[in-house]
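Everything on this sheet refers to the single structure shown next.
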Amino acid sequence: MIEKFLKQTSFTSVEDYNKNLEFIIPENFNFAYDVMDAWAEEKPDGLALLWTNDQGEEIRATFAQLKEQSDQAASYLQSLGIGKNDPVMLILKRRYEWWIVMLALCKIGAIVIPATHMLTKKDIIYRNNRASVKAIICVDDAYVVGQIQAAMSESPTVKQYITITDHGKPIPEGFHDWQSEWRQAPQFVRPAFVNTNDDTMLMYFTSGTSGEPKMVAHDYLYAMGHLSTGVFWHNLHEGSLHLTVADTGWGKAVWGKFYGQWFAGATVFVFDHEKFNADTLLRQIEKYRVTSFCAPPTIYRFMIREDLSRYDLSSLEYCCTAGEALNPAVFDKFLEKTGIKMMEGFGQTETTMTLGTFPWMEPKPGSMGIPNAQYDIALVRADGTPCEDGEKGEIVVRVGDKKPIGLFKGYYRDEEKTREAWHDGLYHTGDMAWRDEDGYYWFEGRIDDVIKSSGYRIGPFEVESALMTHPAVVECAITGVPDDIRGMVVKATVVLGKEWKDRAGDDLVKELQQHVKKVTAPYKYPRIVEFVDELPKTISGKIRRVEIRQKDAK
């Protein structure tokens, strides 16, 4: 399959990859037709999706079955008046139907807006009106349906509400019943024209540290940009069974559960569950013989607290991580317990993977890796001049005359925000890093997260990494607290291991402070340490340092 889209399909070194990665870009590329339906013809009985849930239910779908089901869904959505360029919001958690609907909307040229099930009425109204949402397809969850119903009267652009229920359950007022209606639609006829490569295919609302969420708009080539995510970073192939831990409302879902994996012809494994539990997840990997795994460092932090000798993880061949920076201590412990080196990657909602650790590289614990050859990556100072090796700067993408495959189109309906991030031939990520002499990049934090204390610039990640080497610490977040003398001081918000909770107090605070002074430069130690039961996180598992800062400000 990938030979249709790449001039060279395998690489042996960083130099080979950087020199020879070149995409073959068809006119009017459409992932649903050009990849998924092509697989349905090439290997109709190949297992595309293996879905299971915490109730023990299981669905195995071949490529041919996904084609048939997505065709039927496309026809049903057309019968409801949904078509080209219509924005459709999906709030489906990890239900099996999410994959069907994603393909169906791609086939009819609609714009997909995946969203988290944690949205409130206010959030839904804002998204509906900002994007002129025409339809909402949601899971039959009492909270989700309640918030959508509460938002209806203030969402004039939404014409159709569709809920996916379990058979036999009553349908909420004002909603179509997906289960009883979608298979009654007429046979699907592919539209004569679906899209150009520049049309908008997908949008995500992404939150910054202030203001309302921005709408990140992606074109149809965004899907192709993830070929390198699945085939090269995840190192997938036909026969791989890949599990990425991500909610479908988060961009990481299409990074790890959709585009790149199916470019490789791999099987996407989905575990639909309500509450994360490390033991349960490990049992799924063991039972289904998962070969490839990707999750945020948060998940790995909880996994290594388990006795991994109790699980048969011999099927695991490859493990990756992204979503936040990886503490070297977690890398080392996971390697010690499994023999597997985690391969870190970096990107944003606005991009595909921009930096990564590839199979032909030796990972450096805590490093994001090297620039993905489909992007021209640089580090720049505040004045825009390039950084030297070892110097901290902002990660930027040099755009030039031609937008790289995978980079977003802009912030939908917000030219001002687009210009703030994308100007003078550069896309500014807002993330800080430094580069070593081997070309590996090391994350420092968001520009807004960097702490300026007594003239020093301190990246949260370097202090967190030091703290994580202490056996008491399960998780931690470093933030800055205003200080009259130093400008800001370093604060550590710490989650302790259960065997250490009884020791939470001044003595342990001093022990942690001394530990940081020994592991890293003494001026970086946290002058304030707060013990908490859990850290505030996004639905994707990222630590929300901004929430800690806001709480401290109050």
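Throughout, residue positions are numbered sequentially from 1 according to the sequence presented. In this text, all values refer to a predicted model and were calculated from it rather than measured experimentally.
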Main chain of [Y], side chain of [X]: is a donor-acceptor contact present, judged purely on distance under 3.5 Å?
| X | Y | result |
| --- | --- | --- |
| E68 | L66 | no |
| Q284 | F271 | no |
| E394 | G430 | yes |
| N30 | C106 | yes |
| K122 | A151 | no |
| Q179 | T165 | yes |
| T267 | L47 | yes |
| D34 | F31 | no |
| Q160 | I136 | no |
| W262 | A48 | yes |

Taking the cut-offs as 6.0 angstrom to the six-membered ring centre and 45 degrees off its axis, would you call K214 and Y411 a cation-pi pair?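 Yes, a cation-pi geometry holds between K214 and Y411.
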Pi-cation contact, Y76 with R183 (under 6.0 Å, within 45°):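 Checked: cation-pi criterion not met.
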Heavy atoms only: give me the nearest [X]-[Y] pair and the separation to one decimal.
| X | Y | value |
| --- | --- | --- |
| A322 | P297 | O-CD, 3.7 Å |
| E274 | D54 | N-OD2, 3.3 Å |
| L241 | V290 | O-CG1, 3.5 Å |
| D199 | V194 | OD2-O, 4.4 Å |
| M368 | A433 | CE-CB, 3.9 Å |
| G83 | D86 | N-OD2, 2.8 Å |

Would you check if there is a donor-acceptor pair between the side chains of [Y] and [X] at a distance under 3.5 Å?
| X | Y | answer |
| --- | --- | --- |
| N53 | E58 | no |
| D123 | Q147 | no |
| S228 | N372 | yes |
| Y161 | Q149 | no |
| R127 | S155 | no |
| Y126 | E154 | no |
| T157 | K134 | no |
| H242 | T244 | yes |
| T352 | Y375 | yes |
| Y441 | E344 | no |
| T298 | E324 | yes |

Any non-hydrogen side-chain atom of [X] less than 4.5 Å from a side-chain atom of [Y]?
| X | Y | answer |
| --- | --- | --- |
| I25 | N197 | yes |
| V112 | V88 | no |
| I137 | M89 | no |
| L426 | R398 | yes |
| D272 | W51 | yes |
| I377 | I395 | yes |
| W422 | H428 | no |
| S292 | N235 | no |

Step by step, work out the side-chain hydrogen bond (donor to acceptor under 3.5 Å, both in side chains) result for R413 and S132. CA-CA 11 Å; R413 294 178 174 175; S132 299; 3.0 Å; yes
With the threshold set at 4.0 Å, does a side-chain nitrogen-carboxylate oxygen contact exist between [X] and [Y]?
| X | Y | result |
| --- | --- | --- |
| D37 | K67 | yes |
| K537 | E547 | no |
| D198 | K409 | no |
| E286 | R283 | yes |

Between [X] and [Y], is the gap from one ring center to the other below 6.0 Å?
| X | Y | result |
| --- | --- | --- |
| F269 | Y288 | yes |
| F408 | Y204 | no |
| W255 | H226 | yes |
| F293 | Y318 | no |

Residue of the set R95, K169, K93 for which salt bridge (Lys or Arg N to Asp or Glu O under 4.0 Å) holds with D140: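 So, applying the salt bridge (Lys or Arg N to Asp or Glu O under 4.0 Å) to D140 and each of R95, K169, K93, only K169 qualifies.
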Which residue in the set Y17, F232, F11, W233 passes ring-ring contact (aromatic ring centres under 6.0 Å, His included) when paired with F358?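 When ring-ring contact (aromatic ring centres under 6.0 Å, His included) is applied between F358 and each of Y17, F232, F11, W233, only Y17 qualifies.
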Take Y96 and E57 through the side-chain hydrogen bond (donor to acceptor under 3.5 Å, both in side chains) test and state the conclusion after the steps. CA-CA 11 Å; Y96 169 77; E57 298 172 300; over 6 Å; no
Hey, mind stepping through I113 and L90 against side chain to side chain contact (heavy atoms under 4.5 Å, CB included) and telling me if it holds? CA-CA 6 Å; I113 306 176; L90 305 186; over 6 Å; no
Go through the steps for K403 and D219 under the test salt bridge (charged side-chain N to carboxylate O under 4.0 Å, His left out), then give the verdict. CA-CA 11 Å; K403 182 178 78 67; D219 60 27; 3.1 Å; yes
Criterion side-chain hydrogen bond (donor to acceptor under 3.5 Å, both in side chains) on D431 and Q348, from CA distance to verdict: CA-CA 10 Å; D431 285 306; Q348 298 181 310; 3.0 Å; yes
Under the side chain to side chain contact (heavy atoms under 4.5 Å, CB included) rule, what do T163 and I148 come out as? Steps first, then yes or no, please. CA-CA 11 Å; T163 185; I148 293 172; over 6 Å; no
Evaluate the criterion side chain to side chain contact (heavy atoms under 4.5 Å, CB included) for residue pair L316 and T291; output intermediate values, then yes/no. CA-CA 4 Å; L316 272 181; T291 65; over 6 Å; no
Run K107 and M36 through side chain to side chain contact (heavy atoms under 4.5 Å, CB included) and show every step you take. CA-CA 11 Å; K107 286 183 171 182; M36 294 305 290; over 6 Å; no
Take Y412 and T418, measure what side-chain hydrogen bond (donor to acceptor under 3.5 Å, both in side chains) needs, and give me the verdict at the end. CA-CA 8 Å; Y412 188 60; T418 301; over 6 Å; no
Which label fits Y222 and Y259: parallel for a plane angle under 30°, tilted from 30 to 60°, or perpendicular past 60°?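 Because their plane-to-plane angle is over 60°, the rings of Y222 and Y259 count as perpendicular.
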